[in-house]
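Take a look at the structure set out below.
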Amino acid sequence: MSIQITFPDGRRKTYDTPPTGLAIAQSISPSLAKKAVVVKVDGELWDLTRPIERSASIEIVTRDAPEALQVIRHDAAHVLAQAVQELYPGTQITFGPATEDGFYYDFARAEPFTQADLEKIEQRMREIVARDLPIKREIWSHEEAVKFFERCGETFKAEWIREGLKPDEPLSIYRQGDQWLDLCLGPHLPSTGRLGTAFKLTKVSGAYWRGDASKAQLQRIYGLAFATEDALKAHLKMLEEAEKRDHRRLGRQLDLFHMQEEAPGMVFWHPKGWTLWQAVEQYVRRVYRASGYQEVRAPLIADVSLWKKSGHWDNYKENMFFTESEKRIYAVKPMNCPGHVQIYNAGLHSYRDLPIRYAEFGSCHRNEPSGALHGLMRVRAFTQDDGHIFCMPQQIESEVTAFHRQAMKVYADFGFTEVAVKLALRPDQRLGTDEVWDRSEEALRAALRSAGVAWTELPGEGAFYGPKIEYHLKDSIGRSWQLGTMQVDFSMPERLGAEYVDEHSQRQVPVMLHRAIVGSMERFIGILIEHYAGALPLWLAPVQVVVAPIVSDADAYASEVTQALCAAGLRAQADLRNEKINYKVREHSLLKVPALAVVGRKEAETRTVTLRRLGVEKQETLALAAAVERLAAEAAAP
RNA sequence: GCCGGCGUAGCUCAGUCGGUAGAGCAACGCAUUCGUAAUGCGUGGGUCGGGGGUUCGAAUCCCUCCGCCGGCACCA
């Protein structure tokens, strides 16, 4: 028997007996063996202790390699599980994967874990690391594994093996020390000591068994884990910084909006916040016009009969608000599409008129589950930059690609470049035949293909009336939110009786495209605030310039400067309070005002202003007219 | 909706063992006119999220409702 191992540099070595990754590393250098985490065998990550029984190319993965992190994190989850079972006998193990910054493990236990428990558990984890228990991989048969876990009272594990895994496939079991083991795909570190100390348990929460709300609720423990202490520290620092960018905190600090108990999930916009809103709205309105949309406005409530016809009653009523008057029941609109179809239906349309594009800053109410609400990101009352395109099937692709280009331009104008594109496919609860869904999904794929973008697909996540392209952006703490969307809908136009007359004088049903770029104004503004940490670019800033006199002798001139700035279309304010300039600079800096125009006696005499930009200590003194001109030019919307 | 945590002045927060609520900032008043991130002194401000209970007495203990926060589920 001869096994040929190829190294990354192309060198080869022949072995008589199957070597392990650890042995190979050891033969290269003891320090490499010490740093080794796993071994990559023909591109696949293997345990260092697993014999390599065939010729292969290998690469030793050390703890500083990016692939090492997921192994370290996954190991941390297992060490957590062992610690919990040692401390709390009777607790069942379920699943515990690595996450983006650490790991979690779900346990079945009647008593929830407390913060004090977390400290004890983390302490025990450190002990398990110190014990440096060997981690060994074993292969068990399906039947053997089910029996074993049932005998131990691990009913969740046993259920998973019975229902989630194929009976004829052998299973890998990882034994950690003599006592503890878990079913796992691996790979793992050779021993618990290699996990290191750069981990920290962070939070507990509930989680449903197999992600299903109708099944048992488990106790999830989350942790962070990194290769080094420094990396962990850096991550904690990052989280602290992210908290300062939180739009809920900044919304209060910058006096943009508030929410209160009487209107959960609904926003009270303050003057400054509404100014920001208007800046965004006016920008989007220009986009509407430039891309051939006609702006419309539909009622906020309509008789339920309309929502029964549209399919919302059957598919969406859990999320709708209702109201009643004179024995009629009305629904508060959760979407704008049926309203736009009514406007479309008010006239007769020729195929020559298509595509017809309607747009609306559509105010929608959705009765979202209370636990889903989250600042401006997830609300119950929101306004969409909604639009519906009525077109013929052969026009779908060009409409979708044009929309895509427009959307990417809008995101770039607001400073966003990292937009994730996803394609959400047919959900279980839906309208229309499979054949129609095939067509709709393929139409969107074709458009994305021709736009030349990369996308990921999300099976089961489409709207009940059609598949959708989703545009996602991340908030300050890395949560991803859907902003824009483009959806193909072959169902609703027919249900609501939309028609056009084709070239043969025959009535046809148009296709409807649902689209939004910023998505919800609320969510978009939340993302904007976090993206800029409150320091909005000049064109969006609620207050663009504050004119601050140094002495009251300059008050009159300061008012004149303010008027000149306002006359040039700038949002300018004078700060005539009897405060020192230091105080004013500090306060307006904290309020993230992008430009400060300081005027003292000197400026008043020479009719100049001294400009100071947010966060920049260097100042520049220039003639009043020149300053106005410069700021006005800079404040122009893209 | 589910699990857990939290709710005290406009904001950020303290409040011990159940003994009748406090700080800083902000606000207001007075003084100060000052050149780039906090001028000084003084004053007012609270149904301790709502309701109920235990107790001689509740911010504090118990029940319940509401909201918020973290996660899960949901998310056109």
Side-chain angles (χ1 to χ4, degrees), chain A residues 104 106 109 111-115 117-118 202-222 246 248-249 252-253 255 258-265 310-312 315-316 318-320 333-337 362 364 366-375 377-379 382 384 386 424 427 461-466 468 470 477 479 481-482 485 487 489 492 514 516 519-520 523 548-555 577-591 596-603 610-612 614-619 621:
Chain A
Y104 66 78
D106 287 343
R109 179 175 187 247
E111 278 281 287
F113 295 104
T114 64
Q115 198 57 45
D117 291 335
L118 281 200
T202 51
K203 52 198 175 191
V204 281
S205 87
Y208 298 108
W209 169 235
R210 295 168 77 171
D212 184 339
S214 68
K215 292 192 158 76
Q217 183 140 32
L218 308 171
Q219 308 294 333
R220 176 172 296 183
I221 296 179
Y222 280 94
D246 190 311
R248 293 165 297 186
R249 176 203 278 244
R252 198 181 308 111
Q253 283 172 356
D255 195 18
H258 86 269
M259 307 218 223
Q260 63 189 49
E261 280 199 32
E262 292 84 348
S310 70
H312 286 82
N315 293 281
Y316 207 69
E318 299 309 311
N319 286 295
M320 291 166 69
K333 69 174 175 177
M335 297 183 200
N336 305 300
C337 27
C364 295
R366 295 184 190 173
N367 197 3
E368 302 286 358
S370 58
L373 303 180
H374 181 88
M377 304 300 195
R378 189 79 183 270
V379 288
F382 57 100
Q384 293 177 311
D386 207 359
E461 296 200 11
F464 70 82
Y465 49 75
K468 51 176 187 164
E470 301 180 354
I477 40 178
R479 286 187 279 212
W481 298 95
Q482 182 196 313
T485 183
Q487 311 168 4
D489 182 354
M492 207 174 296
H514 307 241
S520 125
R523 179 179 289 182
I550 292 169
V551 290
S552 50
D553 286 352
D555 282 1
R577 292 174 304 169
N578 175 13
E579 294 290 353
K580 290 166 92 168
I581 194 65
N582 287 296
Y583 182 90
K584 294 182 185 178
V585 166
R586 177 181 155 81
E587 188 165 283
H588 298 299
S589 298
L590 290 174
L591 290 172
L596 199 58
V598 176
V599 295
R601 283 202 187 89
K602 210 165 61 193
E603 285 82 0
T610 297
L611 284 184
R612 182 197 163 109
L614 178 59
V616 182
E617 272 182 54
K618 216 180 85 189
Q619 308 135 43
T621 303

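Proteins get letters first, then strands, A, B, ... in listed order; numbering begins at 1 in each. Values in this document were obtained by computation on a predicted structure and should not be read as measured data.
Residues meeting the salt bridge (Lys or Arg N to Asp or Glu O under 4.0 Å) test with A:R252, sequence neighbours left out: none. In this structure A:Y208 satisfies the ring-ring contact (aromatic ring centres under 6.0 Å, His included) test with no other residue, sequence neighbours excluded. Evaluation of the ring-ring contact (aromatic ring centres under 6.0 Å, His included) rule for A:H374 yields A:W481 as partners, not counting sequence neighbours.
Between B:rG71 and B:rG10, the distance separating the two P atoms is 29 Å to the nearest Å. Here the separation of B:rA59 from B:rU54, taken at their P atoms, is 16 Å to the nearest Å. Taking atom C1' on both B:rA37 and B:rU20, the two are 42 Å apart, rounded to the nearest angstrom. Spacing between B:rC62 and B:rG18 at atom C1', rounded to whole Å, works out to 13 Å. Spacing of C1' atoms, B:rU47 relative to B:rC25, comes out at 25 Å, to the nearest Å. Taking atom P in both B:rU55 and B:rG50, the straight-line distance is 23 Å, to the nearest Å. Distance check on atom P: B:rC56 versus B:rC65 gives 28 Å, rounded to whole Å.
OP1 or OP2 of B:rG70 sits under 4.0 Å from a side-chain N or O of A:H374.
Distance, A:Q487 CD to B:rC75 P: 13 Å, rounded to whole Å.
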Report, one pair per line, the protein and nucleotides 34-40 of chain B atoms (nitrogen or oxygen only) whose separation is under 3.5 Å.
| unit_1 | atom_1 | unit_2 | atom_2 | d |
| --- | --- | --- | --- | --- |
| B:rC34 | OP2 | A:R601 | NH1 | 3.4 |
| B:rC34 | N4 | A:N578 | OD1 | 2.5 |
| B:rG35 | O6 | A:R601 | N | 3.4 |
| B:rG35 | O6 | A:K602 | N | 3.1 |
| B:rG35 | N1 | A:E603 | OE1 | 2.9 |
| B:rG35 | N1 | A:E603 | OE2 | 3.4 |
| B:rG35 | N2 | A:E603 | OE1 | 3.4 |
| B:rG35 | N2 | A:E603 | OE2 | 2.5 |
| B:rU36 | O2' | A:R612 | NH1 | 2.5 |
| B:rU36 | O2 | A:R612 | NH1 | 3.4 |
| B:rU36 | N3 | A:Q619 | OE1 | 3.4 |
| B:rU36 | O4 | A:Q619 | OE1 | 3.3 |
| B:rA37 | O4' | A:R586 | N | 3.2 |
| B:rA37 | N7 | A:R612 | NH2 | 3.4 |
| B:rA38 | N9 | A:R586 | NE | 3.4 |
| B:rA38 | N7 | A:R586 | NE | 3.1 |
| B:rA38 | N7 | A:R586 | NH1 | 3.3 |
| B:rA38 | N7 | A:R586 | NH2 | 3.1 |
| B:rA38 | N6 | A:R586 | NH2 | 2.6 |

What string of B, S and - do you get for nucleotides 5-13 of chain B, 5' to 3', if B is base contact, S is sugar-phosphate-only contact and - is no contact with any protein heavy atom under 4.0 Å?
-> --B---SS-

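Consecutive Watson-Crick or G-U pairs involving RNA chain B, each under 3.5 Å on both distances, make up stems of three or more pairs at B:1-7 with B:66-72, B:10-13 with B:22-25, B:27-31 with B:39-43, B:49-53 with B:61-65.
Summarising the geometry, atom CD1 belonging to A:I550 is positioned 11.5 Å from atom CG belonging to A:D555; distances are rounded to the nearest 0.5 Å.
With contacts defined as side-chain heavy-atom distances shorter than 4.5 Å, the pair A:P549/A:E603 does not qualify.
Taking the charged nitrogens against the carboxylate oxygens, A:D246 and A:R248 do have a contact shorter than 4.0 Å, which makes a salt bridge.
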A:M492/A:M335 under side-chain contact (heavy atoms from CB on, under 4.5 Å): CA gap, chis, key distance, verdict | CA-CA 12 Å; A:M492 207 174 296; A:M335 297 183 200; 5.8 Å; no

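A:P334 comes within contact range of no nucleotide atom at all, as no heavy-atom separation falls under 4.0 Å.
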